[in-house]
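Just so it is clear: chains get the letters A, B, ... in the order the sequence lines come, proteins before strands, and each one is counted from 1. Everything numeric in this text was worked out from a predicted model, so none of it was measured. We use all heavy atoms of the structure for the numbers below, so side chains are in, but hydrogens, waters and symmetry mates are not.
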2 protein chains.
Amino acid sequence: MSSIKEIAKKAGVSVSTVSRALNNYTDVNQNTRKKIIQIAQELNYFPSAVARSLVTKRSYTIGLFFGDQVNSGFDHPFFLEVLSAVRKVAGDAGYDLLIFTNLHKKKATYTTLCRERGVDGLFLILTGDGKRKNEQLIELQESGIPCVAIDLPLDGERCSYVESNNFLGAKKAVSYLIKLGHRKIALIGGDEVGKVSFDRLNGYRAALIEAGLEYDPQLVRYGCYSADQAKEATEALVSENRDVTAILAVSDVMAIGAIQRLTELGWSVPDDISVVGFDDIREASTNKPSLTTVRQCKYEMGSEAIRLLMKTIEDVSYRPSPVVIPCELIVRDSTAPPRFQK
Amino acid sequence: MSSIKEIAKKAGVSVSTVSRALNNYTDVNQNTRKKIIQIAQELNYFPSAVARSLVTKRSYTIGLFFGDQVNSGFDHPFFLEVLSAVRKVAGDAGYDLLIFTNLHKKKATYTTLCRERGVDGLFLILTGDGKRKNEQLIELQESGIPCVAIDLPLDGERCSYVESNNFLGAKKAVSYLIKLGHRKIALIGGDEVGKVSFDRLNGYRAALIEAGLEYDPQLVRYGCYSADQAKEATEALVSENRDVTAILAVSDVMAIGAIQRLTELGWSVPDDISVVGFDDIREASTNKPSLTTVRQCKYEMGSEAIRLLMKTIEDVSYRPSPVVIPCELIVRDSTAPPRFQK
DNA sequence: TTGTATGCGTTATCAC
DNA sequence: GTGATAACGCATACAA
């Protein structure tokens, strides 16, 4: 409401003096500064971020993009914790967050939306379909806009990404199953396009190979990170391979779906079959049986990602590189040695 | 990057003509308009929202505030679905969302932060401690800033709120338990200050009274919406009142905590004791046993709230009034007739 | 140490 | 229909 101009008038100085006084410039008399600050407080003055960012080209705002499927992002249990970290770390550093929700402009792209809103950088959390908008991503990578993504391999001078060590995570899980005595281990994978799914698949294969076990494509199905599709995949899998004794589902949501369907089909988990998830969402520990899973350190992913972004924003010459966060195997009740161990 | 000025130069017209052409004013020649739009596209021009809002005083941005406890808001399963609706409805109407995360400014209040960022209105989701900042809320209510809150009775010319019908919801749950045959019904309430908790407590009482049952303060405990506190409250409750056959916990998180503790103590749910929750979060259906609960229509709450807010923003003379959303009783496996029914 | 002048990108009020 | 011009609130280069 009140502006720098009013303060100037009341203080009997020029607006530039007020501006300098309020921005802690050294070249302003202590007394005039005091007077100005005093008046500013009386007037309950706060500078207009809008006007300021128009001239400084800095908004102290970070844009947030969620995947374009309905309700993704907010509803996804994994991304929530990431966001929680972003919120905390960005806030502590003086940034606010702008969620792009108005996506109905005709030819708008990530890049144009960022320029339009004047955000300092962009935080991308894309799921499924979102990842396929390649033209837009290429434009973004070349735009020079500081940008960081979760689980999406961005590559540009000022773009980077954060992901879990999906390869080692999956490998760890399968190695654990092997150590328990399992030999016929199936995979409910994600999709056949994303790097994340790809890395987890490879981790699964690597563990098998390392143990001298055969990799059998027949034991690999895809659930697209959906509980329902995982149920179908699981049912098909076990009906065609009744000797499977363990399953790695590469998301907890899929693992829980798999357990549900297995139970319906008369399989007991972990007595008849072991199931391992991926993510360690809250339901993993409250599920019955509680879920052995590969924990992604979501908070750390979020905080590392936002730090990377802020550093990129604040240092024009900084060239970010990808950050890989270790996973941890959390053993709970959904895994056990196979029933008919030799 | 490219501005209205460049377009003007390329088109050989003045900036004001460009502005009018791009904003669909009628008083501009069809040919010049076409030419201007053409050039704008070639230059990949998008108007600066910052500059525009500086002059129009409209940002098409809605401020979002979460409770001030660490991680509240994003982590709270209830608010998430509300936000999902806000995101969708606001986006469709052309608004973006600004999350206030930078709360470290010395004397900043809701009001000053809103003015500083130039948001058109404020969406408040406060929990626990957040609700106690009364001075700030009073200032906000009197500020004239359009504002809507969830579960928080705001009252100002341009302020309002949305809540569930907590009274009827709780009453419905208890009446159902009574219908099942329960007579000794306990309440794990929220807190002793908020309207929400108060309404649910009164719904509980009303159901008892309507059925001719005595209201026994000994059967009322408080869990502050925390699983841990609900566990403690439950343990104390049942150890002091071993004849309790049913519990209404006024949040699912508390109900699930209560069930866990009861199980640890050797009580079987629902065989020995019935438990009803409130909210219907996702875990309610996946919990073992699945939870009978009072569903809050979260999506509807969010969409009604944001509609109310947008209407208040867009019509200066509009005076919003509170919206109350009905609850629905969802019967699942955590309730049954009492074991020793007369 | 302070004031003047200019500009950020846009819309709005006038004249013409 | 169109073009100057001012204004929004602030920061800053330059003069004084």
- Within a radius of less than 6.0 Å around CD of Glu157(B), do more than 12 heavy atoms belonging to other residues, nucleotides or ligands occur? no
- Val13(B) near the nucleic acid: base, sugar-phosphate alone, or nothing, with a heavy-atom cut-off under 4.0 Å? sugar-phosphate
- Item | For DNA chain C, the residues among residues 24-37 of chain A that have a non-hydrogen atom under 4.0 Å from it | Asp27(A), Val28(A), Asn29(A), Thr32(A)
- Please list, by residue number, the residues of residues 53-62 of chain B whose heavy atoms come closer than 4.0 Å to an atom of DNA chain D; answer none if no residue qualifies. Leu54(B), Val55(B), Lys57(B)
- Message: Reading DNA chain D from 5' to 3', where do the contacts with chain B start and stop? Cut-off is 4.0 Å to heavy atoms.
- Response: dG1(D) to dG9(D)
- Heavy atoms under 4.0 Å, any strand shown: does Ser48(B) hit a base, just sugar-phosphate, or nothing? sugar-phosphate
- Item | Option from Ser19(A), Ser16(A), Ser48(A), Ser14(A) for which side chain to side chain contact (heavy atoms under 4.5 Å, CB included) with Ile4(A) holds | Ser19(A)
- Query: Would Thr312(B) and Val148(B) count as a side chain to side chain contact (heavy atoms under 4.5 Å, CB included) if you check the C-alpha gap in whole Å, the side-chain angles of each, and the deciding distance to 0.1 Å?
  - Reply: CA-CA 9 Å; Thr312(B) 309; Val148(B) 69; over 6 Å; no
- Under the side-chain contact (heavy atoms from CB on, under 4.5 Å) test, which residues partner Glu139(B), sequence neighbours left out? Asn44(A), Thr109(B), Thr111(B)
- Within a strict 4.5 Å, meaning less than it, do heavy atoms of the Asn102(B) and Tyr95(A) side chains meet? no
- Task: Heavy atoms only: give me the nearest Ser321(A)-Ser160(A) pair and the separation to one decimal.
- Result: C-OG, 3.0 Å
- Query: Do the two ring centres, one from Phe123(B) and one from Phe65(B), sit under 6.0 Å apart?
  - Reply: no
- Task: Select from Arg20(B) and Pro47(B) the residue whose nearest nucleotide in DNA chain C is closer to the 5' end of that strand.
- Result: Pro47(B)
- Query: Knowing that exactly one of Lys35(B), Lys34(B), Gln41(B), Glu42(B) qualifies, which makes a side chain to side chain donor-acceptor pair (under 3.5 Å) with Gln38(B)?
  - Reply: Glu42(B)
- Message: One pair to check against salt bridge (Lys or Arg N to Asp or Glu O under 4.0 Å): Lys195(B) and Glu163(B). What are the steps and the verdict?
- Response: CA-CA 10 Å; Lys195(B) 177 179 191 309; Glu163(B) 63 176 359; 3.0 Å; yes
- Task: Check Cys147(B) against Leu140(B) and note the closest heavy-atom contact, atom names and distance.
- Result: SG-CD2, 3.6 Å
- Message: Does Glu304(B) form a salt bridge (Lys or Arg N to Asp or Glu O under 4.0 Å) with Arg307(B)? I'd like the steps, not just the answer.
- Response: CA-CA 5 Å; Glu304(B) 284 305 308; Arg307(B) 280 206 194 89; 3.3 Å; yes
- Message: Which residues pass the side-chain contact (heavy atoms from CB on, under 4.5 Å) test with Ser59(B), not counting sequence neighbours?
- Response: Ser53(B), Thr61(B), Asp120(B)
- Task: Please report the closest heavy-atom contact between Ile325(B) and Glu300(B), naming both atoms and the distance.
- Result: CG2-OE1, 3.7 Å
- Using a heavy-atom cut-off of 4.0 Å to chain A, what are the terminal contacting nucleotides of DNA chain C, in 5' to 3' order? dT1(C) to dG9(C)
